[in-house]
Each structure stands twice: as C-alpha cells, then as structure tokens.
Amino acid sequence: MNFMKTIMSKMKYLIAKCVKKSVKFTAWKIILRYFPRLAVKIFYRVLFGSFPDFKNPRNLNEKLQILKTGLYYNNPLVTDCIDKLQVKKLLDNHFRVAEMGLKWAELYASFDTVEDFFAHGFENYPSKFVIKCNHGCEYNYICSDKNNIDKQELKKILETWIKDDYWKHHAEYQYRFIRKKIFVEEFLENTEYSYKFYCFNGEPQFLYVSSPDAMGNPDVYLDFFDMDFNHLPVSLAHHLQSSKKLEKPECFEKLRQIAVELSREFPFVRVDLYVGSGKICFSELTFIPTGGYMQVTPERILEKWGTFLKL
C-alpha cells in the first residue's frame with residue numbers, strides 16, 4: 001500500500017510539473033505572438049541582466065529594439081529588403097545599384113515547398129550552386145557537385161528549414177512576415193572578404209570586415225574600422241580579431257557609395273557587401289544586427305553608437 005502511495009505521489013508530482021511547463025510554454029507563445037515589446041524585454045533581461053529602457057533609450061541595442069517592435073514591425077519595404085529572395089528584385093527596380101557596378105548572385109529557381117524543389121530536378125543547374133531559404137539566417141547549403149548530392153540528407157535539411165519559424169528564436173520580428181520559400185542561386189567564387197557598413201540615415205559611420213583564416217575558411221576573423229579605415233579597439237562576442245593588418249581595399253570609396261545608396265531610406269541598416277575577383281557583390285541588408293542583442297567590448301561603445309541613431 002505504501003508502495004502504491006509513493007507511486008501515486010510521484011505521478012501527481014510529474015503531472016503537476018508537466019502542466020506547469022505547458023502553462024509556461026503557452027504563456028510564452030502568447031507573449032511572443034501578441035506582445036512583441038514584452039517579449040524583447042524578456043530576452044534582453046536574460047542576456048544583459050536588465051530591461052531595455054524604451055522611454056529614454058541610450059545605447060544602440062535599446063534603440064534597435066524600438067525599431068524592431070515599432071517602425072520596422074510589419075513594414076512592407078523592410079520585410080522585402082530582409083527577404084533574401086525579394087531583395088534581388090529591389091536591387092534592380094527600387095535601389096538601381098546595378099548602375100553603380102554592384103553584382104549579386106543570379107537566381108536560378110524558387111519554390112514554395114520541398115516537394116516542388118525535388119520535382120524540378122537538378123538538370124538545369126550548373127555543377128556548383130547554393131540552396132537557401134529566404135526567411136532567416138544560416139539557411140545555406142553549398143552544392144559543390146550536383147552529381148554527388150545526398151538527396152535524402154538534403155530533404156531532411158530543407159524540411160527542417162521550411163518548418164522553422166526563425167523569428168521566434170530571439171523575438172526577431174523583422175523576419176516574421178516573410179513568406180517562406182526555397183531558392184537556388186549562383187555560387188559566387190572568391191568572396192572571402194566581406195565589408196559590413198553600419199549606416200544611420202544614409203550615412204555609414206563605421207564597419208567591420210570579415211576575413212578568412214590561413215586555410216581560406218571565410219568569416220573567421222572580425223575587425224571593426226572607422227570610415228577612414230582606422231582599426232577600432234572593439235570586439236564582438238564569440239569572434240576573433242585578425243592577427244594581420246587588413247589593408248583598405250582600393251574599391252573602398254565605391255563600397256561606401258553603394259552603402260549610402262542602399263541605406264538612405266532607413267534610420268538604420270547594416271549594408272553587407274563582398275569583394276572578390278575585382279567585383280563588389282551584394283550579401284544582404286541587416287536591419288537588426290544580432291537581433292539587437294550585440295555583446296561588444298568595451299560595452300560603453302554601444303552608447304556612442306546609440307548617438308548615431310535618431311528615433
């Protein structure tokens with residue numbers, strides 16, 4: 001009898017624990033979907049130990065949270081610019097930066113479902129290409145040889161991507177209203193160096209350079225520079241700085257001009273460009289870097305950067 005009481009007691013405890021978790025999970029889903037400012041406050045509090053000040057914001061992170069849940073929330077132009085598929089049309093028809101010599105990866109095909117992607121086949125693609133999803137980050141599959149693709153493994157990857165609501169990971173609402181798609185595009189060679197300009201009302205104020213390691217692996221090192229290309233003593237969490245001096249590229253002024261053109265309509269956007277084989281290539285427009293949770297050293301630099309953003 002005592003044994004049965006113990007079993008029943010443990011079962012009640014486990015049931016109560018599951019119900020409590022379920023209630024918490026349901027509450028969080030409601031907050032995430034219907035109360036965006038409360039959701040970002042919670043994320044911010046977990047990461048930084050304090051709530052963001054929305055009434056008197058001082059640092060860049062706080063101001064980016066205001067943009068994310070305000071002006072940039074369900075903003076059609078911002079959504080299309082973040083959408084990695086739609087932005088290709090805007091580059092040509094809205095921003096007209098092709099006239100400035102900017103290149104971007106050629107689009108081969110796009111699909112609404114994984115089934116449509118595989119039904120199309122691979123015959124019309126070159127040997128090497130890239131498969132992506134348009135509604136978040138790190139959805140990249142590089143195909144080095146289309147004749148050696150593990151289709152079962154690729155199918156699992158694409159199904160995971162297309163089901164993923166990327167915006168929910170860290171309350172990144174700028175991705176919420178993108179219609180999910182899979183697309184296939186050109187693989188751009190020799191784009192090891194990327195230049196990411198932090199632009200405020202159409203004026204680049206600083207940038208960072210992503211550079212490869214000695215083995216050629218891209219985006220290993222990250223170094224900040226001012227607009228005179230002086231190295232800044234600033235580091236971003238989880239990123240190494242290059243041990244060698246990075247030279248100012250010959251095309252730096254052209255990079256700056258393109259960044260100005262792509263950012264002039266927004267209070268803030270980071271313009272991400274690649275340089276390789278003598279060409280300037282478009283990467284993406286990043287409206288809320290690291291979701292507005294940038295962890296930099298020294299931390300006080302965020303207040304200086306915050307003065308550039310006028311809300």
Report the C-alpha distance between Lys88 and Glu185 in whole Å, list the side-chain angles of each, state the deciding distance to 0.1 Å, and finish with yes or no for salt bridge (Lys or Arg N to Asp or Glu O under 4.0 Å). CA-CA 11 Å; Lys88 292 177 181 291; Glu185 70 177 20; 2.8 Å; yes
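- For the pair Phe48 and Met294, the tightest heavy-atom approach, listed with the atom from each and the gap, is CZ-O, 3.6 Å.
- For Asp223, there are no salt bridge (charged side-chain N to carboxylate O under 4.0 Å, His left out) partners two or more places apart in sequence or in a different chain.
- The aromatic ring centres of His135 and Tyr166 sit 6.0 Å or more apart.
- Hydrophobic clustering (ILVMFWY, side-chain heavy atoms < 4.5 Å, transitive): Tyr141 and Phe118 are in one cluster.
- By the criterion of side-chain heavy atoms lying less than 4.5 angstrom apart, applied directly or through intervening Ile, Leu, Val, Met, Phe, Trp or Tyr residues, Phe51 is not grouped with Tyr44; the two fall into different hydrophobic clusters.
- Within 6.0 Å of NZ in Lys310 there are more than 12 heavy atoms belonging to other residues, nucleotides or ligands.
- Side chains of Lys68 and Gln65: a donor on one and an acceptor on the other come within 3.5 Å.
- Within 6.0 Å of atom CD in Glu189, more than 12 heavy atoms from other residues, nucleotides or ligands are found, so the atom counts as buried in its surroundings.
- Of the possible polar contacts, none joining the Lys132 side chain to the Val184 backbone as a donor-acceptor pair under 3.5 Å is found.
- Counted within 6.0 Å of NZ on Lys304, heavy atoms from surrounding residues, nucleotides or ligands total 12 or fewer; the atom is thus considered open.
- For Arg256, the salt bridge (charged side-chain N to carboxylate O under 4.0 Å, His left out) partners two or more places apart in sequence, or in a different chain, are Glu253.
- To the nearest 0.5 Å, the span separating CD1 on Ile258 from SG on Cys281 amounts to 9.5 Å.
- In the model, His120 has no side-chain atom that pairs as donor or acceptor with a side-chain atom of Glu115 under 3.5 Å.
- Here the side chain of Thr113 pairs a donor or acceptor atom with the backbone of Asp116 at under 3.5 angstrom.
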Asp219 and Ser194: CA distance, side-chain angles, deciding distance, side-chain contact (heavy atoms from CB on, under 4.5 Å) verdict: CA-CA 8 Å; Asp219 300 323; Ser194 61; 3.7 Å; yes
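- Transitive grouping of hydrophobic side chains (ILVMFWY, heavy atoms separated by less than 4.5 Å) brings Leu90 and Phe282 into a common cluster.
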Under the criterion salt bridge (Lys or Arg N to Asp or Glu O under 4.0 Å), I'd like the reasoning laid out for Arg270 against Asp272: C-alpha separation, chi angles, the key distance, then a yes or no. CA-CA 6 Å; Arg270 195 185 74 198; Asp272 300 352; 2.8 Å; yes
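- Judged by the 6.0 Å distance and 45° axis criteria, Lys146 is not positioned over the aromatic ring of Tyr125.
- Figure legend: Arg37 and Phe54 shown as a cation-pi pair, the cationic atom lying under 6.0 angstrom from the six-membered ring centre and within 45 degrees of its axis.
- Shortest non-hydrogen contact noted between Lys84 and Cys137 is NZ-SG, 4.5 Å.
- Ring orientation note: the planes of Tyr73 and Phe177 are nearly perpendicular, at an angle over 60° on the 30°/60° scale.
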Checking Thr79 against Leu77 for the side-chain contact (heavy atoms from CB on, under 4.5 Å) test, could you report, in this order, the C-alpha distance in whole Å, the side-chain angles of both residues, the deciding distance, and whether it holds? CA-CA 5 Å; Thr79 299; Leu77 179 57; over 6 Å; no
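- Ring pair Phe95/Phe266 is tilted by interplanar angle, where 30° to 60° counts as tilted.
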Apply the test side-chain contact (heavy atoms from CB on, under 4.5 Å) to residues Leu311 and Lys63: give CA-CA distance (whole Å), side-chain angles for both, the deciding distance (0.1 Å), then the verdict. CA-CA 8 Å; Leu311 297 174; Lys63 291 188 175 183; 3.8 Å; yes
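- Using cut-offs of 30° and 60° for the angle between ring planes, the Phe43 and Trp28 rings count as perpendicular.
- Ring pair Phe224/Tyr198 is tilted by interplanar angle, where 30° to 60° counts as tilted.
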Dump the intermediate steps for ring-ring contact (aromatic ring centres under 6.0 Å, His included) on Phe252 and Phe229, then the final yes or no. CA-CA 9 Å; Phe252 186 78; Phe229 215 73; 5.5 Å; yes
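- The backbone N or O of Gln257 sits nowhere less than 3.5 Å from a side-chain atom of Glu261 that would complete a donor-acceptor pair.
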Output a table of donor-acceptor pairs, distance under 3.5 Å, between side-chain atoms of residues 206-216 and any protein atom two or more places apart or on a different chain; print 'none' if there are none.
from	atom 1	to	atom 2	distance (Å)
Asp213	OD1	Met215	N	3.0
Asp213	OD1	Gly216	N	3.0
Asp213	OD1	Asn217	N	2.9
Asp213	OD1	Asn217	ND2	3.4
Asp213	OD2	Asn217	ND2	3.0

Given Lys180 and Asp165, is the salt bridge (Lys or Arg N to Asp or Glu O under 4.0 Å) satisfied, shown in steps? CA-CA 9 Å; Lys180 298 177 185 178; Asp165 291 324; 2.8 Å; yes
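- Relative orientation of the Tyr72 and Phe287 rings is perpendicular, given thresholds of 30° and 60° on the angle between their planes.
- Aromatic pair His239/Tyr221: ring centres not closer than 6.0 Å.
- Apart from Tyr274 itself, the hydrophobic cluster it occupies contains nothing, where clustering links Ile, Leu, Val, Met, Phe, Trp and Tyr at side-chain heavy-atom distances under 4.5 Å.
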Is there a ring-ring contact (aromatic ring centres under 6.0 Å, His included) between Phe268 and Trp305? Walk through the geometry before answering. CA-CA 11 Å; Phe268 172 81; Trp305 290 351; 9.9 Å; no
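- In this structure, CD on Gln241 lies 9.5 Å from CG on Leu232, to the nearest 0.5 angstrom.
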Start with the C-alpha gap between Glu159 and Lys155, add the side-chain angles, then the distance that decides, and say whether salt bridge (Lys or Arg N to Asp or Glu O under 4.0 Å) holds. CA-CA 6 Å; Glu159 286 175 343; Lys155 185 172 185 289; 2.5 Å; yes
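- Between the side chain of Arg179 and the main chain of Asp83, no donor-acceptor pair closer than 3.5 Å is present.
- Between the side chains of Asp164 and His169, at least one donor-acceptor pair of N or O atoms lies under 3.5 Å.
- Within 6.0 Å of atom CD in Gln295, more than 12 heavy atoms from other residues, nucleotides or ligands are found, so the atom counts as buried in its surroundings.
- Using bins of under 30°, 30° to 60° and over 60° for the plane-to-plane angle, the ring pair Phe111/Phe117 lands in the perpendicular bin.
- Connection of Leu32 to Phe35 is established within a shared hydrophobic cluster, with ILVMFWY side chains joined at heavy-atom distances below 4.5 Å, either directly or through further cluster members.
- Closest approach of Ala98 to Trp104, counting heavy atoms only: CB-CH2, 3.8 Å.
- By the rule that hydrophobic residues join a cluster once side-chain heavy atoms approach within less than 4.5 Å of another member, Val130 and Leu85 end up as members of separate clusters.
- Residues satisfying the salt bridge (charged side-chain N to carboxylate O under 4.0 Å, His left out) test with Lys254, not counting sequence neighbours, are none.
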Yes or no on side-chain contact (heavy atoms from CB on, under 4.5 Å) for Leu246 and Tyr193, after CA distance, side-chain angles and deciding distance? CA-CA 10 Å; Leu246 298 176; Tyr193 288 85; 4.2 Å; yes
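- With sequence neighbours left out, the salt bridge (charged side-chain N to carboxylate O under 4.0 Å, His left out) criterion links Glu153 to no other residue.
- Using a cutoff of 4.0 Å between basic side-chain nitrogens and carboxylate oxygens, Asp112 and Lys181 are scored as salt-bridged.
- The two residues Pro289 and Leu64 make their nearest non-hydrogen contact at CD-CD1, 3.9 Å.
- Nearest heavy-atom pair, Asn61 versus Gly292, reported as atom, atom and distance to 0.1 Å: OD1-O, 3.1 Å.
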